[in-house]
Amino acid sequence: MKKLKISAVILLSCVLILCGYILMDNSAIEIKEYSYSSDKIGTGFDGYRICVISDYHNRTNHKKLIDTVKKSDCDIICIAGDLVDMTTTDFTNIKKLLKELCSITDVYYTFGNHEMWSTSLSGTKTPIVQDALSDLPITFLNNKVQTIEKDGELLNLIGYGDDIYDDFDGLYKHYATERLTKISRTLDKTVPSVLVCHRPQYFSDFSRLGYDVILSGHLHGGLINISPIKEFILKKHFGNSSYSHGMYEENGSTMYVSGGLAGKGILPRVFNTPQIMVVELESK
């Protein structure tokens, strides 16, 4: 009986320690850094740092996020979707965050599925998120190309503004591929291109369209970073377990997937610290 009690105390202590770790880890934000090297990157953009923020889902820790972004020493900030939650109707918190982000550097905002699914959408295809933030100096990049010039050299920044279809609807892949193909055909292929596209599950298709770099989020790092639990969650909630977070290469294209900043519903992140992502461009 004494051994049983000791075992129970040890087990309870381990559970409490794990819960404490998960709680602290979920409240942290790390900077995950990557580098992209190409002979298309000129010396003007050598060392150019792109900070990617994704899947914030209207959290309230914007001060910690701002402090982390400042530490990233970035040249531009790209928001890769789901800054709001689909139930967000009060944008006060988001406006505070974006106002401070804009004071750091240029901000480019590409919508994710939650911007498209906002309850304020009222069944239309025109989210009110952009209208609510129209007084801020943000560049909305939905289905647009922004050419950035630095030291006489060019970089094409493109955003895919997501769509109303969910991850299990084949229409998303159909329309996204169609639209991104049209945009790609307008680009000068000698100029490096960076596509911000919220959902990474379709990388095998999008990688064939001629974009050099793709920046994504959406998958929340798989939430519980333990195989095969992560693979099960990715398959069940997102329909694809091929990607979670990190760097992937196919067909001459390189994709960087951020683990994002929030959990998913009541599910906590386990061994999966919330993160912003920085991709540094390097010339060969």
Test your reading of the model: is there a side-chain donor-acceptor pair from [X] to the backbone of [Y], 3.5 Å cut-off?
| X | Y | result |
| --- | --- | --- |
| D106 | I76 | no |
| K284 | S38 | no |
| Q201 | F238 | yes |
| N272 | I224 | no |
| S184 | T181 | no |
| D166 | D169 | yes |
| Q146 | L157 | no |
| T88 | D90 | no |
| D82 | H57 | no |
| H245 | S258 | no |

Mind checking the [atom1]-[atom2] spacing from [X] to [Y]? Nearest 0.5 Å is all I need.
| X | Y | atom1 | atom2 | answer |
| --- | --- | --- | --- | --- |
| I226 | F232 | CD1 | CZ | 14.5 Å |
| S134 | I128 | OG | CD1 | 11.0 Å |
| K96 | L98 | NZ | CG | 13.0 Å |
| N142 | I158 | CG | CD1 | 13.5 Å |
| C197 | D162 | SG | CG | 7.0 Å |
| I183 | R185 | CD1 | CZ | 12.0 Å |

Looking at side-chain heavy atoms only, is the closest gap between [X] and [Y] below 4.5 Å?
| X | Y | value |
| --- | --- | --- |
| Y34 | E280 | no |
| L234 | S244 | yes |
| I66 | L97 | yes |
| N113 | H218 | yes |
| T68 | I31 | yes |
| N240 | K235 | no |
| V107 | I79 | yes |
| T43 | E153 | yes |

Identify the heavy atoms of [X] and [Y] that sit nearest to each other, and give their distance.
| X | Y | answer |
| --- | --- | --- |
| C74 | T105 | SG-CG2, 4.1 Å |
| I94 | L83 | CD1-O, 3.4 Å |
| S54 | G217 | OG-CA, 3.8 Å |
| K189 | K40 | O-NZ, 2.6 Å |
| N26 | P274 | O-CG, 3.5 Å |
| L209 | T177 | CD1-O, 4.2 Å |

Go through T87 and D85 one step at a time and tell me if the side-chain hydrogen bond (donor to acceptor under 3.5 Å, both in side chains) criterion holds. CA-CA 5 Å; T87 59; D85 195 75; 3.0 Å; yes
Might you work through the ring-ring contact (aromatic ring centres under 6.0 Å, His included) test for Y243 and Y248, ending with a clear yes or no? CA-CA 8 Å; Y243 316 102; Y248 304 88; 4.9 Å; yes
Evaluate side-chain contact (heavy atoms from CB on, under 4.5 Å) for I22 paired with D25, printing each intermediate quantity in order. CA-CA 5 Å; I22 292 173; D25 193 53; 5.7 Å; no
Kindly work out whether a path of hydrophobic side-chain contacts (I/L/V/M/F/W/Y, heavy atoms less than 4.5 Å apart) joins [X] to [Y].
| X | Y | result |
| --- | --- | --- |
| V194 | V145 | no |
| I41 | L195 | no |
| L101 | I138 | yes |
| F91 | M116 | yes |
| V213 | Y48 | yes |

Walk me through it: do Y56 and N93 pass the test side-chain contact (heavy atoms from CB on, under 4.5 Å)? CA-CA 11 Å; Y56 182 69; N93 179 51; 4.0 Å; yes
Checking salt bridge (charged side-chain N to carboxylate O under 4.0 Å, His left out) against K173, which of D163, D167, D205 comes through?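 When D163, D167, D205 are each tested with K173, the salt bridge (charged side-chain N to carboxylate O under 4.0 Å, His left out) holds only for D205.
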For S72 and I276, run side-chain contact (heavy atoms from CB on, under 4.5 Å): C-alpha distance rounded to whole Å, both residues' side-chain angles, the deciding distance at 0.1 Å, then the answer. CA-CA 9 Å; S72 73; I276 63 172; 4.3 Å; yes
Taking the six-membered ring for Trp, are [X] and [Y] parallel (under 30°), tilted (30 to 60°) or perpendicular (over 60°)?
| X | Y | result |
| --- | --- | --- |
| F111 | Y109 | perpendicular |
| W117 | H114 | tilted |
| Y175 | Y165 | parallel |

Looking at E33 and R49, is there a salt bridge between them, counting it only when a charged N and a carboxylate O are closer than 4.0 Å?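 Looking at E33 together with R49, the answer is yes, because their closest N to O distance falls below 4.0 Å.
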Strictly below 4.0 Å, N to O, side chains only: are K71 and D67 in salt-bridge contact?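 Salt bridge absent between K71 and D67.
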Exercise: do S253 and N251 side chains pair donor with acceptor under 3.5 Å: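 Looking only at side-chain atoms, N251 and S253 do not form any donor-acceptor pair under 3.5 Å.
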When P192 is tested against each of D212, L187, N156 for side chain to side chain contact (heavy atoms under 4.5 Å, CB included), which residue passes?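 The single option meeting the side chain to side chain contact (heavy atoms under 4.5 Å, CB included) with P192 is D212.
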State yes or no: are the ring centers of Y160 and H198 separated by less than 6.0 Å?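 No - the distance between ring centres of Y160 and H198 does not fall below the 6.0 Å cut-off.
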Tell me if the centroids of the rings in Y211 and F206 come within less than 6.0 Å of each other.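 Ring centroids of Y211 and F206 are no less than 6.0 Å from each other.
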Take atom NZ of K32 as the centre, draw a 6.0 Å sphere, and report whether it contains more than 12 heavy atoms from other residues, nucleotides or ligands.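 Check fails, neighbour count at 12 or below.
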Salt bridge (Lys or Arg N to Asp or Glu O under 4.0 Å) between K95 and D135, worked out: CA-CA 9 Å; K95 292 187 77 168; D135 59 330; 3.3 Å; yes
When you measure from the centre of the six-membered ring of Y172, is the NZ or CZ of R199 closer than 6.0 Å and no more than 45° off the axis?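 Yes, a cation-pi geometry holds between R199 and Y172.
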Verdict with reasoning, M277 to C51, per side-chain contact (heavy atoms from CB on, under 4.5 Å): CA-CA 6 Å; M277 184 170 66; C51 176; over 6 Å; no
